[in-house]
Amino acid sequence: MPNLRIADLLATPPLDATCSVNGWVRTRRDSKGGFSFIEINDGSCMANLQVIADAGLPNYETAVAKLHPGSAIRATGVLTGSEGQEQAVEMKAAEIHVYGFCDILSYPLQKQRVSLERLREAAHLRVRTNTFGAVARVRNILSFATHRFFQERQFLYLNTPIITCSDCEGAGQMFRVSTLDPDKPPRDKQGNVDYSQDFFSEAASLTVSGQLEAEAYACGASRVYTFGPTFRAENSNTPRHLAEFWMVEPEVAFCDLAGDVDLAEEYLKYLFKAVLDECEEDLAFFNKRIDKTVIETLSHIVDTPFHRLPYTEAIELLGKADADFEFPVSWGIDLQTEHERYLTETAFSQPVAVTDYPRTLKPFYMRCNDDGKTVAAMDVLLPKIGEIIGGSQREERLDVLLERMHELDMDEDEYSWYVDLRRFGSVPHAGFGLGFERVVQFATGMANIRDVIPFPRTPHNARF
RNA sequence: UCCGGCAUAGCUCAGCGGUAGAGUAGGUGGCUGUUAACCACUUGGUCGUUGGUUCGAAUCCAACUGCCGGAGCCA
């Protein structure tokens, strides 16, 4: 007798066949007509399976009547058409096996609505709710679509190190990795902590980006991408930031900035199309309960070309804008949230790729443009959540790169291996980084990034 | 980190100086191919923590902790 996933069972119901279904009870409604309705969910899809448990079952009084939301059971029986209006098929149970009861008084998930904030405190159980089950499935589809997109284009999947001694200049505060005694670390003659005695013989941290290593592999394997965890010790307390998040970073040799923007656009559209095509039921739920515009927004993005806009033109446009900005606009400023939202929501209502930022705003590795003032950078901005992709063409000219590093007073020795890439067969190359959770946020309409990663890490919170 | 708000029953919230409330969940009984089931009764709380003001504090004040919204930093 087959064990069936509820998703498969509902997709092609094997009517009048006997089968088993495992899952967790969502609700039980008793009928004194001599049976109970039990709805079970196994996480395979949004829908529950309604199981009819007759009072004649040998364990009806001892077990079935004590089932509450959260209990884990196996129901075995015959699938039939349902007499009720809310579901097409249901199971007439011949046997209900209880794997584990659930004490409803202490169970955090209630039958009535539980707030997203409360569910964050029960992150180990929240996947059992409609919302978080759907988020988990959409996230899974987006992960798989990411690999499919790059694999179909002959990109090499690259695993870059989590522990690193280089800091990808300017990407953010880093978490220190050390085995030294935190209470009394060894000191050098100046009184500073002596990391030469540490595990790696130098100060090590969790990575803030795999980009530099990805560049190394791109300069040999031609097209690579990373997809892994990234760590930022910034004290950022917003619905768009995590201390630990997942980043997708493609890096392409023989590619310029225009090719980089094209790749970003193609990739984002591929992701959103995958969700629209493969998560219909979950998306309908988000569209109804979370954000009534999410399907429309995703469809619009899939069908609309991204707007490409050089920074200098963006500044001119914002300067002429009929809007009351808190931060005044002038050439050289970094775009603020309000400016980004104006561009994506008011000026264009479509994704905008802003290119060629002032060099003073951007890190050392971005390629200097001929105007001497800007670099070949690009940020892809989406309505509502802002920057989702940041990328650039990399500086492949040895002399220009070194000059830039000196300008920023960087330690050349520390980056010698990175500079080597410009010594030994340097090529034009470009890449970008995409915040994976922000894509999940955008695709689901979830307002808080803490609700699109199973166990969020944020300032003051590394529970679970 | 800055600005603002919030913290009361398992959950969602009301009460805003004078003995702690509702809905819902749980329990008991009734009724029913039900589906946010329904009807009656009922269990359940040191009002986030610490200090202060007051005859008296859930209520006013301060600090702390956590959460939420906005901003900065960024993906």
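Within every chain, numbering begins at 1; the chains are lettered A, B, ... in the order of the sequence lines, protein sequences first and strands thereafter.
If you check A9(B) for Watson-Crick or wobble pairing at under 3.5 angstrom, you find it has no partner at all. Pair assignment for A58(B) gives none, since no Watson-Crick or G-U wobble pairing has each distance under 3.5 Å. With both pairing distances under 3.5 Å, A36(B) is matched to nothing as a Watson-Crick or G-U wobble pair. The partner of G72(B) cannot be assigned: no Watson-Crick or G-U wobble pair with both contacts below 3.5 Å exists in any strand.
Between the CG atom of L382(A) and the C1' atom of C74(B) there is a distance of 15 Å, given to the nearest Å. With rounding to whole Å, L335(A) atom CG is found 13 Å from A75(B) atom P. What separates CG of L125(A) from C1' of G10(B) is a distance of 14 Å, to the nearest Å. If you measure from atom CG of N448(A) to atom P of G66(B), you get 17 Å, rounded to the nearest angstrom. Per the geometry, CG belonging to N41(A) stands 16 Å off P belonging to A36(B), to the nearest Å. Residue D30(A) contributes atom CG, which lies 13 Å from atom P of G33(B) at whole-angstrom precision. Look at CG on D451(A): it is 9 Å from P on G69(B), rounded to the nearest Å.
Rounded to whole Å, the separation between the P atoms of G26(B) and G17(B) comes to 36 Å. Using atom P as the reference point in both G5(B) and C47(B), the two lie 24 Å apart (nearest Å). Annotation: U46(B) and A20(B) have their C1' atoms spaced 12 Å apart (nearest Å). Taking the P atom of each, C11(B) and U49(B) are spaced 15 Å apart, rounded to whole Å. Between U24(B) and G56(B), the two C1' atoms lie 34 Å apart (nearest whole Å). U59(B) and G52(B) have their P atoms separated by 14 Å, with the value rounded to a whole Å. On the C1' atoms, G18(B) is 12 Å away from U54(B), given to the nearest whole Å. Rounded to a whole angstrom, the distance from the P atom of A7(B) to that of A58(B) is 15 Å.
At a cut-off of 3.5 angstrom, counting only N and O atoms as typed in the model, there is no donor on one side facing an acceptor on the other between the side-chain of E121(A) and the base of G66(B). Judged by distance alone with a 3.5 Å cut-off, a donor-acceptor contact links the side chain of R438(A) to the base of C74(B). Evaluation of atom-type donor-acceptor distances gives no pair under 3.5 Å for the side chain of S236(A) against the base of C74(B). The base of G26(B) has none of its N or O atoms less than 3.5 Å from a complementary donor or acceptor on the side chain of K66(A). For E117(A) and U12(B), a side-chain-to-base donor-acceptor distance below 3.5 Å is absent, hydrogens and geometry of angles not being considered. Scanning atom types as modelled, no donor and acceptor separated by under 3.5 angstrom connect the side chain of E83(A) and the base of U34(B).
Side-chain N/O atoms of Q85(A) include none lying less than 4.0 angstrom from OP1 or OP2 on U34(B). OP1 or OP2 of A37(B) sits under 4.0 Å from a side-chain N or O of R29(A). The phosphate of C11(B) has neither OP1 nor OP2 within less than 4.0 Å of any side-chain N or O from S115(A). Phosphate proximity of C74(B) to H241(A): absent, as no side-chain N or O sits under 4.0 Å from OP1 or OP2. Between S31(A) and the phosphate of G33(B), there is a side-chain N or O to OP1/OP2 separation shorter than 4.0 Å. At C11(B), one or more side-chain N or O atoms of R118(A) fall inside 4.0 Å of OP1 or OP2 (strictly under the cut-off). Considering only side-chain N and O atoms, N237(A) lies nowhere under 4.0 angstrom from the phosphate OP1 or OP2 of G70(B).
Residues E251(A) and Y217(A) bring no donor and acceptor atom of their side chains to less than 3.5 Å of each other. Looking only at atom types and distance, the side chain of S36(A) has a donor-acceptor partner in the side chain of Y60(A) under 3.5 Å away. With 3.5 Å as the limit, one finds a donor-acceptor pair spanning the side chains of S392(A) and R394(A). For the residue pair R153(A) / Y225(A), no side-chain donor-acceptor distance below 3.5 Å is found, with atom types taken as modelled. Side chain to side chain, T230(A) and R232(A) fail the donor-acceptor criterion of an N or O pair below 3.5 Å.
Side-chain atoms of N235(A) lie closest to U1(B) of the nucleotides A75(B), A71(B), U1(B). Nearest nucleotide to the F327(A) side chain, out of C74(B), A71(B), G33(B): A71(B). Of all nucleotides listed (A75(B), G66(B), G33(B)), A75(B) comes nearest to the side chain of L242(A). The side chain of Q87(A) lies closest to U35(B) when the candidates are C68(B), C67(B), U35(B). The side chain of R240(A) has A71(B) as its nearest neighbour among A71(B), G27(B), C68(B). Among U34(B), C73(B), G26(B), the nucleotide with an atom closest to any side-chain atom of S82(A) is U34(B). The P239(A) side chain lies nearest to G70(B) when the options are C74(B), G70(B), U35(B). Comparing A75(B), A25(B), U34(B) against the side chain of M247(A) picks out A75(B) as the nearest.
Judged by closest nucleotide on RNA chain B, I104(A) is the one of I104(A) and E340(A) placed further toward the 5' end. Heavy-atom nearest nucleotides on RNA chain B were determined for F436(A) and for R450(A), and the one closer to the 5' end corresponds to R450(A).
No contact: E326(A) has no heavy atom under 4.0 Å from any strand. Among the heavy atoms of the strands, none lies under 4.0 Å from Q441(A). Within the 4.0 angstrom heavy-atom criterion, base atoms lie near F35(A). The residue N48(A) sits apart from the nucleic acid: no heavy atom pair falls under 4.0 Å. Among the heavy atoms of the strands, none lies under 4.0 Å from R26(A). Note on I388(A): only backbone sugar-phosphate atoms sit closer than 4.0 angstrom, heavy atoms only; bases stay farther off.
At distances below 3.5 Å, at least one donor-acceptor pair connects side-chain atoms of H300(A) with backbone N or O atoms of S349(A). In terms of modelled atom types and a separation under 3.5 Å, the side chain of E249(A) and the main chain of G210(A) share a donor-acceptor contact.
A side chain to side chain contact (heavy atoms under 4.5 Å, CB included) with R308(A) is found for exactly one of T355(A), D262(A), V380(A), V354(A), namely D262(A). Among Y267(A), F436(A), Y157(A), the one residue that satisfies the ring-ring contact (aromatic ring centres under 6.0 Å, His included) test with F227(A) is F436(A).
The environment of F144(A) atom CZ is sparse: at most 12 non-hydrogen atoms of other residues, nucleotides or ligands sit within 6.0 angstrom.
For the pair F245(A) and A75(B), the ring geometry qualifies as stacking, because the centroid separation is below 5.5 Å while the planes lie within an angle under 30°.
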